J.: 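Dropping a structure here in structure tokens format, bear with me for questions.
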Number of protein chains: 2
Amino acid sequence: MAKTTRGTPRREASLSREQIVEASIALLDSGGEGGLTFRALSERLATGPGALYWHVADKRDLLTAACDAIVARTLQAPSADATPEAALRALALGMFDAIDAHPWMGSALTGAPGELPIVRVVERIGQQVRALGVPDHEQWAAVAALLSYILGVAGQNAANTQLARVRGSVRSEFLDAVANAWSRLDADAYPFVRGMALQMRTHDDRMDFLAGIDLILHGLAARRAQAQPGPVSARKGAARKK
Amino acid sequence: MAKTTRGTPRREASLSREQIVEASIALLDSGGEGGLTFRALSERLATGPGALYWHVADKRDLLTAACDAIVARTLQAPSADATPEAALRALALGMFDAIDAHPWMGSALTGAPGELPIVRVVERIGQQVRALGVPDHEQWAAVAALLSYILGVAGQNAANTQLARVRGSVRSEFLDAVANAWSRLDADAYPFVRGMALQMRTHDDRMDFLAGIDLILHGLAARRAQAQPGPVSARKGAARKK
DNA sequence: ACCTGAACACCGTTCAAGT
DNA sequence: ACCTGAACACCGTTCAAGT
């Protein structure tokens with residue numbers, strides 16, 4: 001690919017925004033949030049730092065673009081042919097896995113409220129919430145709840161991985177250290193946390209995440225059942241096929 | 001100010017960690033996340049930057065300590081004398097309001113996983129979840145869901161306020177701008193988001209937040225009802241005394 | 001024990017100057 | 001139109017030196 005021949009400081013092919021974004025993702029994946037630097041990036045792309053500013057507005061813009069590329073890929077598969085509940089679970093899990101693979105997305109997502117990556121996610125969630133039969137005036141609250149929950153988990157996962165990296169260990173070691181510290185807390189002041197320390201480590205984060213999604217979906221279902229009693233199958237029939 | 005002319009430099013009273021933390025909070029409240037700087041802080045306290053490192057480990061430590069001071073104050077009121085559901089709602093709202101008043105807490109909380117401020121919150125939530133009658137092996141998932149949701153909303157609120165600040169406007173102006181941009185999105189690609197743009201602005205963030213908490217609480221209640229059918233009041237009797 | 005403040009090793013961003 | 005790279009205005013953190 002693009003062999004920079006000899007003694008040529010000048011790039012032959014001009015820089016593209018997409019190229020910059022891909023290089024940023026690589027830097028972020030290998031070096032964490034601190035790995036993305038205009039200097040490191042420009043070195044990798046064989047340019048000066050200033051050149052990048054022709055294609056991106058600033059660092060936040062760059063981070064958002066990198067995040068959006070991953071989100072777009074993650075959501076590109078069309079919603080499976082199942083119930084809205086199943087689609088929402090799949091959607092949420094897809095985001096969980098993407099963020100798990102690219103922890104820097106955690107802060108990138110919350111750092112870009114209302115921007116393209118968030119819009120993509122909201123649209124997907126919204127369509128399924130609508131298919132679920134949630135009444136119009138409650139749709140936003142439902143979508144916002146799901147989004148907030150997903151971003152909350154994302155942020156925590158990102159922080160765990162990031163902190164582990166800074167301390168030169170891996171995620172699981174870091175979590176073990178936390179569990180350990182918790183189990184040594186004062187029993188009078190923190191009875192619950194102390195008791196939870198062990199259990200916390202045997203749990204699967206991914207399953208915990210899904211349990212939270214299910215809690216919200218459960219809540220939505222319960223709300224609808226009470227708002228409109230009667231044969232549930234009748235009104236859900238269309239969306240429920242499977 | 002504090003014209004460090006010649007020879008005055010020495011402080012009369014020695015620095016304390018608490019003093020540093022209070023000054024940090026003031027700086028963060030007035031200047032946002034970017035307002036806390038070792039230089040600004042040392043100037044305000046009439047010392048050199050190096051002096052601070054005698055009392056705090058690093059910037060993250062300082063941020064966590066500042067956050068913890070607020071969390072401790074917020075949770076200091078003992079749980080009200082109501083149902084566990086009501087206590088959880090009050091707890092969540094208390095955190096929402098604290099974070100709304102100190103947006104920098106958003107990133108401080110997620111940036112300090114497993115540390116004191118989080119431990120305090122988890123303990124409080126955990127005690128109420130237990131009082132709710134959630135079975136032992138499901139308590140962690142329930143607590144984690146509530147915590148993740150709260151932190152998710154916190155992160156987004158913080159980002160909104162922070163971004164508005166950077167752009168020299170206020171939160172509501174920023175949100176209006178987002179709603180505006182959303183309403184101009186392509187109708188084919190983003191029908192849901194487009195339709196939601198208006199509704200999003202008329203909603204009350206605080207109420208949306210509470211709706212999400214209720215969704216999770218609803219979900220927990222539904223789960224318990226299906227796990228153990230029969231007269232609910234009977235099995236809740238014991239845990240409910242208080 | 002605690003504080004000083006210069007120095008170090010970085011940042012993001014700008015901009016005159018080049019092609 | 002696009003790129004260069006030095007320069008600017010910051011950071012957090014360290015550390016010899018002071019009291």
Side-chain angles (χ1 to χ4, degrees), chain A residues 2 4-5 7-21 23-24 27-28 31-66 104 107-108 111-112 162-163 165-168, chain B residues 2-21 23-24 27-28 31-66 104 107-108 111-112 162-163 165-168:
Chain A
T4 321
T5 44
T8 162
R10 198 70 192 198
R11 312 180 42 79
E12 68 220 38
S14 72
L15 229 45
S16 76
R17 186 175 158 102
E18 188 189 288
Q19 199 181 154
I20 293 174
V21 168
S24 299
L27 243 25
L28 286 161
E33 304 188 30
L36 180 60
T37 277
F38 276 86
R39 268 165 255 257
L41 189 55
S42 64
E43 189 176 343
R44 186 184 245 268
L45 293 169
T47 14
L52 303 171
Y53 280 88
W54 186 263
H55 302 278
V56 301
D58 52 25
K59 190 168 182 181
R60 225 184 49 81
D61 179 34
L62 186 52
L63 213 49
T64 304
W104 49 269
S107 58
Q162 166 70 10
L163 224 63
R165 183 197 295 277
V166 168
R167 302 194 181 159
Chain B
K3 274 214 102 68
T4 327
T5 39
R6 275 306 313 132
T8 152
R10 201 68 194 202
R11 311 177 41 79
E12 68 226 35
S14 73
L15 229 44
S16 75
R17 186 174 158 103
E18 188 189 287
Q19 199 179 156
I20 294 174
V21 168
S24 300
L27 243 26
L28 287 161
E33 304 188 31
L36 180 60
T37 277
F38 276 86
R39 269 165 255 256
L41 189 56
S42 64
E43 188 176 345
R44 187 184 245 268
L45 293 168
T47 15
L52 303 171
Y53 281 88
W54 186 265
H55 298 92
V56 302
D58 52 25
K59 190 168 183 182
R60 224 183 51 81
D61 179 34
L62 185 53
L63 213 48
T64 304
W104 49 268
S107 59
Q162 165 71 11
L163 223 62
R165 183 196 296 276
V166 168
R167 302 193 183 162

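Reminder, nothing fancy here: chain letters follow the sequence lines and each chain counts from 1. The structure displayed is predicted, hence computed values, not measured ones.
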J.: Quick check on DNA chain C: between B:Pro49 and A:Gly34, whose nearest nucleotide comes earlier from the 5' end?
T.: B:Pro49
J.: Report the nucleotide, chosen from C:dG5, D:dA7, D:dC11, that has the shortest atom-to-atom distance to any side-chain atom of A:Arg39.
T.: D:dA7
J.: Which whole-number value in Å describes the distance from A:Leu45 CG to D:dT4 P?
T.: 10 Å
J.: Describe the nucleic acid contact of B:Leu52 in one word from base, sugar-phosphate, nothing, applying a heavy-atom distance below 4.0 Å.
T.: nothing
J.: Tell me, which of residues 53-63 of chain B have any heavy atom that sits under 4.0 Å from an atom in DNA chain C?
T.: B:Trp54, B:His55
J.: Are the side chains of A:Tyr53 and A:Leu62 in contact, using a 4.5 Å heavy-atom criterion?
T.: no
J.: Need to verify one output field. Residue with the more 5' nearest nucleotide on DNA chain D, A:Gly50 or B:Gly50?
T.: A:Gly50
J.: Nearest 0.5 Å please: distance from the OG atom of B:Ser14 over to the CH2 atom of B:Trp54.
T.: 12.0 Å
J.: Could you check if a side-chain atom of B:Leu163 sits within less than 4.5 angstrom of a side-chain atom of A:Arg60, using non-hydrogen atoms only?
T.: yes
J.: Measuring only between side-chain heavy atoms, which start at C-beta, is A:Ser16 closer than 4.5 Å to A:His55?
T.: no
J.: For residues A:Leu52 and A:Leu15, determine if any side-chain heavy atom of one lies less than 4.5 Å from a side-chain heavy atom of the other.
T.: yes
J.: Can you find a pair of side-chain heavy atoms, one from B:Ile20 and one from B:Arg44, that are under 4.5 Å apart?
T.: no
J.: Can you tell me which stems DNA chain C forms when a stem means 3 or more consecutive Watson-Crick or G-U pairs under 3.5 Å?
T.: C:4-8 with D:12-16, C:12-16 with D:4-8
J.: Once you round it to whole Å, what is the distance between C1' of D:dT4 and CG of A:Leu15?
T.: 12 Å
J.: Grab the CZ-C1' distance between A:Phe38 and C:dC10 for me, whole Å please.
T.: 15 Å
J.: Under 4.0 Å between any heavy atoms, over every strand shown, what does A:Leu41 touch: base, sugar-phosphate, or nothing? Just pick one.
T.: nothing
J.: Would you kindly give the CD-to-P distance between A:Glu43 and D:dT4, to the nearest whole Å?
T.: 13 Å
J.: Looking only at heavy atoms, which two atoms of A:Ala40 and A:Leu27 are closest? And how far apart?
T.: C-CD2, 4.1 Å
J.: Does C:dC2 have its OP1 or OP2 closer than 4.0 Å to a side-chain nitrogen or oxygen of B:Ser14?
T.: no
J.: Look at B:Thr47 and C:dC3 and indicate whether a side-chain polar atom (N or O) is within less than 4.0 Å of OP1 or OP2.
T.: no
J.: Measure the spacing between CZ of B:Arg167 and CD of B:Gln162 and express it to the nearest 0.5 Å.
T.: 11.0 Å
J.: Let me confirm one number: the NZ-OG1 distance from B:Lys59 to B:Thr37, rounded to the nearest 0.5 Å.
T.: 5.0 Å
